Q: 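One structure follows; several queries about it will come next.
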Amino acid sequence: MKYLKLKSENIKVFYKDFQALYDVNMDIQEKRVTALIGPSGCGKSTFLRTINRLNELIEGTRTEGQIYLDEEPIYEKDRDVVGLRRKVGMVFQKPSVFPMSIYENVAYGPRIHGIKDRNRLSEIVERSLKAANLWNEISDRLNSPAARLSGGQQQRLVIARVLAVEPEVILMDEPASALDPISTSRLEDLIGELKKNYTIVIVTHNMQQAARISDYTGFFLNGHLVEFSRTDELFVNPRDKRTEDYITGRFG
Amino acid sequence: MGKYIEDGLTAYRMKAKSEKISVPRPHRIKPLNLERGIEWLLKLSAAIAILAIVLITVFIFARGIPLIFKTGLIDFIFNLKWSPSHGSYGIATMLVGSLVITLSSLIWAVPLGILSAIFMAEVAPSRIGNLLGRLVELLAGIPSVVFGFFGLIVIVPFIRSHLGGNGMSVLAGAIILGIMILPTIISISRDSILTVPKEYKEGSLALGATHIQSISGVILPAARSGIITAVVLGMGRAIGETMAVVMVTGNSTIIPGSILSPVRTMTSNIVLEMGYAAGDHQAALFATGAVLFIFIVILNLVVSFSIKAGKNYAN
Amino acid sequence: MLTNNTREKLIKAFLWLSGLIIVAILFIIIAYIAIKGVSAINLDFILEAPRRAGKEGGIWTTIVSTVYLTLVSLLIAVPIGVGSAIHLEEYALRRSWFANLVNLTAETLAGIPSIVFGLFGFVFFVIFLQMGWSIISGSLTMAIMILPTITRTAQEAILAVPAEYRENSLALGASKWQTISRVVLPSAVPGIITGIILSIGRAVGETAALILTAGSSLGMPGGLLDPARTMSVHLYILAMEGISMDRAFGTAFLIIVLIVIINYLANLSLCRMSQVSRQI
């Protein structure tokens with residue numbers, strides 16, 4: 001039983017005069033991991049950020065085309081962007097914890113969405129930290145500053161913070177690029193668990209990682225989505241010559 | 001709001017599983033009015049600075065300009081006679097007083113200030129340089145009335161007993177004002193020397209120039225616009241200074257004949273007479289303020305021009 | 001002709017000398033006032049109200065007036081200054097005419113001499129708005145004077161908050177104002193405090209503008225509409241009218257002690273600010 005969670009239709013993104021994306025069409029399935037790969041500057045992160053409309057934070061950005069989340073268009077004049085971003089969480093490249101305690105970091109999202117009850121907050125914090133495989137390591141020091149955690153722990157804290165908002169889609173922008181190999185492998189395990197409940201779109205520059213964790217893979221080059229298919233197909237039988245060059249490392 | 005997280009999510013997921021049901025349009029979670037209101041409030045607070053400067057200009061000029069028209073601009077500026085009881089409002093002596101005091105304080109404070117800025121930025125070990133920087137900040141924080149008091153009880157008697165006159169003089173004003181503008185000159189010059197790219201100095205040293213040669217030949221020219229800014233801002237502070245000057249210069253409305261003669265500045269004039277002035281007399285003080293204001297605006301323009309010129313130079 | 005080496009050494013010695021002169025100037029001023037002032041200071045001097053125009057008694061009412069005036073001007077200027085910094089850094093488009101104009105006026109305001117502010121405060125607050133010589137007239141004038149400092153330090157502090165904080169918060173579905181009020185501003189607090197401390201220093205030392213707006217009444221101010229004499233104004237009048245040099249020294253010494261403390265606190269909060277940004 002497959003359900004189409006996200007659908008992008010002819011997405012184009014411009015930064016002032018520069019066109020960063022050309023007509024990207026992509027179907028993203030619910031509760032699957034979709035990986036976006038490609039050389040740096042190819043537009044994969046830009047595409048990721050169209051899904052929660054985060055590109056709009058940069059002055060001079062213009063987006064054309066449409067993305068449907070559960071068949072609802074997200075690029076509409078009166079679309080509630082705040083509500084969209086609640087449904088579509090995002091994990092960034094550099095784990096950026098807020099300068100608050102661990103507890104407050106996780107409780108931040110639920111709080112801004114109006115939950116004030118202490119017990120409910122604690123419950124959400126615990127559940128989210130457990131889901132992010134962090135609870136066992138830090139349950140005894142929830143009130144210490146989050147900045148004291150290690151890089152890998154910070155990245156899982158950021159994921160817990162996203163989970164606390166109960167999103168349906170989680171976008172990840174090279175979440176492992178700042179992590180050591182052990183933390184990376186724990187993160188990959190975590191992604192495997194999360195996909196039982198969440199739709200995950202992940203940008204990675206690490207092709208092995210994409211092959212290990214994703215169900216679908218899209219290859220971007222110079223702002224074009226060159227190829228998009230099941231991960232096993234794309235890595236074993238790429239249809240496009242350019243994809244083949246890239247995944248076999250012959251890309252100059 | 002919380003309700004959406006609790007119930008909406010599960011309900012939505014159940015629908016999503018049966019695939020065919022179209023998902024209801026998500027309702028607006030929070031009216032955006034609060035956000036809009038805050039945005040306007042913030043913009044309004046930013047506008048207050050503009051409002052303040054407009055009000056300052058309008059009120060001072062509105063109160064002062066009619067008197068200038070009444071006496072005539074030429075008479076107001078060049079008439080040597082300030083005698084409110086006789087209806088004679090000429091600010092020439094005060095205009096000259098302000099300029100004389102300002103220039104004579106710059107004469108010694110600018111060289112000393114620039115030299116110590118060079119010392120702090122280039123010659124002193126960084127610990128000493130930083131310590132000195134803090135002391136200069138402290139000097140900048142001392143209120144002008146304290147400087148004036150110090151001048152009144154130390155400098156004025158010193159001049160009286162060693163150089164003659166009654167001590168209240170151009171010289172006393174120049175010494176105290178110079179001390180007061182030192183921090184402005186030092187800290188801005190020092191900053192601009194510190195921001196000169198290291199490569200300039202290294203390049204010069206690599207050519208066999210000595211440290212001092214590199215300072216005078218490469219670093220100072222590159223920091224030129226910052227140093228000019230420092231001097232002009234120091235000048236602005238000197239012209240506008242009131243309390244310290246009023247306490248040490250004797251305040252006679254005459255053109256000073258020597259550095260030992262007393263003098264009155266435009267600022268002193270305002271603070272001395274505002275308490276009891278009325279009518280035309282008060283208007284004349286406002287007109288003096290307007291002239292001062294114009295001086296400061298011109299100096300500000302010079303500063304922004306010199307900063308711009310500095311940017312061009314750097315490019 | 002001197003050799004290059006001796007000339008180099010001579011010039012360096014000269015530069016050391018100029019640094020020493022600066023230290024000497026500061027040291028002489030502070031030491032002189034401290035030595036002469038410390039004997040005038042005792043608990044009575046601080047806690048007693050002045051009598052006979054300040055010839056006798058202490059300076060208690062002027063201390064209260066100084067604190068009163070400083071607090072009221074901060075209450076007015078801090079929300080406006082921080083609000084305007086938030087607008088400039090978070091909402092205004094860079095290089096919009098409005099933002100440029102605000103920045104320009106802030107610069108101009110910072111350069112205007114205090115006597116001009118005094119004139120304005122006198123004609124606008126005291127006369128036009130009929131507030132008279134009062135705490136409120138003085139505080140409103142003072143508030144305009146410290147506005148540029150508060151705005152600029154807050155701007156710098158907000159600018160130093162990492163962009164990732166904003167992205168993360170927005171990506172969690174927070175609105176712009178929620179992001180600013182819960183993540184950006186708390187991180188900018190040390191910088192804002194630095195601005196407040198610097199402003200306190202300015203308010204404590206201000207004289208010219210306050211003589212024209214708050215008056216010089218020695219009484220204990222009861223309300224916002226009462227006139228008041230701050231410590232600096234008191235020092236000026238004591239010294240200029242030769243009322244009591246002892247008490248002038250004591251007042252000057254207390255002002256300097258306050259300024260040294262304020263300076264120390266400002267440095268401390270600047271240090272904390274750079275530590276916070278290093279943590280990030």
Side-chain angles (χ1 to χ4, degrees), chain B residues 30 34-35 38-39 41-43 45-46 48-50 52-53 55-56 59-60 63 112 115-116 118-120 123-124 132 134-139 141-146 149-150 152-154 179 182 186 210-212 236 239-243 247 267 270-271 274 286 289 292-293 296-297 300, chain C residues 4 8 11-12 15-16 18-19 21-23 25-26 29 32-33 79-80 83-84 86-88 91 101-102 105-109 111-116 119-120 122-124 144 147 151 175-177 201 204-205 207-208 211-212 232 235-236 239-240 245 248 252 255-256 259-260 262-263 267:
Chain B
K30 202 174 197 180
L34 176 74
E35 293 274 324
I38 286 169
E39 203 175 330
L41 214 60
L42 294 171
K43 193 163 187 178
S45 49
I48 285 181
I50 303 175
I53 205 116
L55 284 178
I56 290 172
F59 270 83
I60 288 181
R63 192 83 185 78
L112 179 62
L115 284 177
S116 19
I118 296 171
F119 171 70
M120 288 158 71
V123 177
L132 248 147
R134 283 203 177 186
L135 292 180
V136 169
E137 265 172 44
L138 183 59
L139 193 66
I142 295 179
S144 40
V145 65
V146 173
F149 180 59
F150 179 78
L152 183 69
I153 52 169
V154 178
I179 295 176
L182 271 174
I186 294 176
T210 65
H211 189 183
I212 296 294
I239 287 195
E241 179 47 45
T242 312
M243 301 319 289
M247 291 171 88
T267 53
I270 297 170
V271 82
M274 200 63 201
F286 273 92
L292 193 63
F293 191 78
I296 294 296
V297 168
N300 273 358
Chain C
N4 256 349
E8 187 95 354
I11 295 177
K12 281 200 178 168
L15 289 171
W16 273 91
S18 61
I21 293 175
I22 303 294
V23 178
I25 290 174
L26 182 68
I29 294 177
Y32 189 87
I33 290 176
I80 297 175
S84 125
I86 298 172
H87 173 78
L88 291 173
Y91 288 92
L101 192 61
V102 174
T105 43
E107 264 168 49
T108 314
L109 274 182
I112 293 179
S114 41
I115 187 75
V116 174
L119 279 178
F120 167 71
F122 176 74
V123 67
F124 188 67
I144 302 177
L147 191 60
T151 308
S175 69
K176 191 158 185 170
W177 175 244
V204 166
T207 312
I211 287 183
L212 300 190
S232 296
L235 168 60
Y236 169 69
M240 273 304 264
M245 279 303 160
I255 292 176
I256 284 201
I259 293 295
V260 170
I262 288 167
N263 205 274
N267 270 318

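Since the model is a prediction, treat every value here as computed from it, not as a measurement.
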Q: Can V145(B) and M247(B) be said to form a side chain to side chain contact (heavy atoms under 4.5 Å, CB included), step by step?
A: CA-CA 8 Å; V145(B) 65; M247(B) 291 171 88; 4.1 Å; yes
Q: Side chain, backbone, both or neither: which part of L132(B) has an atom under 4.5 Å from a heavy atom of chain C?
A: side chain
Q: Using non-hydrogen atoms only, which part of I56(B) is less than 4.5 Å away from chain C: side chain, backbone, both, or neither?
A: both
Q: Which atoms of I179(B) are under 4.5 Å from chain C, going by heavy atoms: the side chain, the backbone, both sets, or neither?
A: side chain
Q: Counting only heavy atoms closer than 4.5 Å, note whether I255(C) contacts chain B via side chain, backbone, both or neither.
A: side chain
Q: Using non-hydrogen atoms only, which part of L41(B) is less than 4.5 Å away from chain C: side chain, backbone, both, or neither?
A: neither
Q: Heavy atoms, side chains only, cut-off 4.5 Å: are H87(C) and V102(C) in contact?
A: no
Q: What part of L55(B) is in contact with chain C, defined as an atom under 4.5 angstrom from a non-hydrogen atom: side chain, backbone, both or neither?
A: both
Q: Can you say whether M120(B) sits under 4.5 Å from chain C via the side chain, the backbone, both, or neither, judging by heavy atoms?
A: neither
Q: Taking the side chain as C-beta and beyond, is there a heavy-atom pair between F149(B) and M245(C) under 4.5 Å?
A: yes
Q: Could you tell me which of T108(C), I33(C), I262(C) has the largest number of non-hydrogen atom pairs under 4.5 Å with chain B?
A: T108(C)
Q: Does any backbone or side-chain atom of T210(B) lie under 4.5 Å from a heavy atom of chain C? Answer side chain, backbone, both or neither.
A: both
Q: Checking heavy atoms, do the side chain of I38(B), its backbone, both or neither come under 4.5 Å from chain C?
A: side chain
Q: Is it the backbone or the side chain of I296(B) that comes under 4.5 Å from a heavy atom of chain C, or both, or neither?
A: side chain
Q: Check whether Y91(C) forms a cation-pi arrangement with K176(C) (NZ or CZ under 6.0 Å from the six-membered ring centre, at most 45° off the ring normal).
A: yes
Q: Tell me, out of I112(C), I259(C), T207(C), L119(C), who's got the most heavy-atom pairs with chain B below 4.5 Å.
A: L119(C)
Q: Do L112(B) and I186(B) come within less than 4.5 Å of each other through their side chains, counting heavy atoms only?
A: no
Q: Hey, what do you get for CD (E137(B)) to CG (N263(C)), rounding to the nearest 0.5 Å?
A: 6.0 Å
Q: Check whether Y236(C) gets within reach of chain B through its side chain, its backbone, both or neither, counting any heavy atom under 4.5 Å.
A: both
Q: Tell me, side chain or backbone of I80(C) under 4.5 Å from chain B's heavy atoms, or both, or neither?
A: both
Q: Yes or no on side chain to side chain contact (heavy atoms under 4.5 Å, CB included) for I270(B) and T242(B), after CA distance, side-chain angles and deciding distance?
A: CA-CA 9 Å; I270(B) 297 170; T242(B) 312; over 6 Å; no
Q: What part of L147(C) lies closer than 4.5 angstrom to a heavy atom of chain B: side chain, backbone, both or neither?
A: side chain
Q: Nearest 0.5 angstrom please: L138(B) CG to N267(C) CG, how far?
A: 9.5 Å
Q: Nearest 0.5 Å, please: how far is CG in L235(C) from CE in M243(B)?
A: 9.0 Å
Q: Let me know if L115(B) has heavy atoms under 4.5 Å from chain C in its side chain, its backbone, both or neither.
A: both
Q: Mind ranking I11(C), V204(C), I256(C), T151(C) by heavy-atom pairs under 4.5 Å with chain B and telling me who comes out on top?
A: I11(C)
Q: Heavy-atom distances under 4.5 Å only: say whether I29(C) touches chain B with side chain, backbone, both or neither.
A: both
Q: Count the heavy-atom pairs under 4.5 Å between each of E107(C), K12(C), M240(C), E8(C) and chain B, then report the option with the highest count.
A: E8(C)
Q: F286(B) versus F120(C): any side-chain heavy-atom pair under 4.5 Å?
A: no
Q: Are I22(C) and L135(B) side-chain neighbours, meaning at least one heavy-atom pair lies under 4.5 Å?
A: no
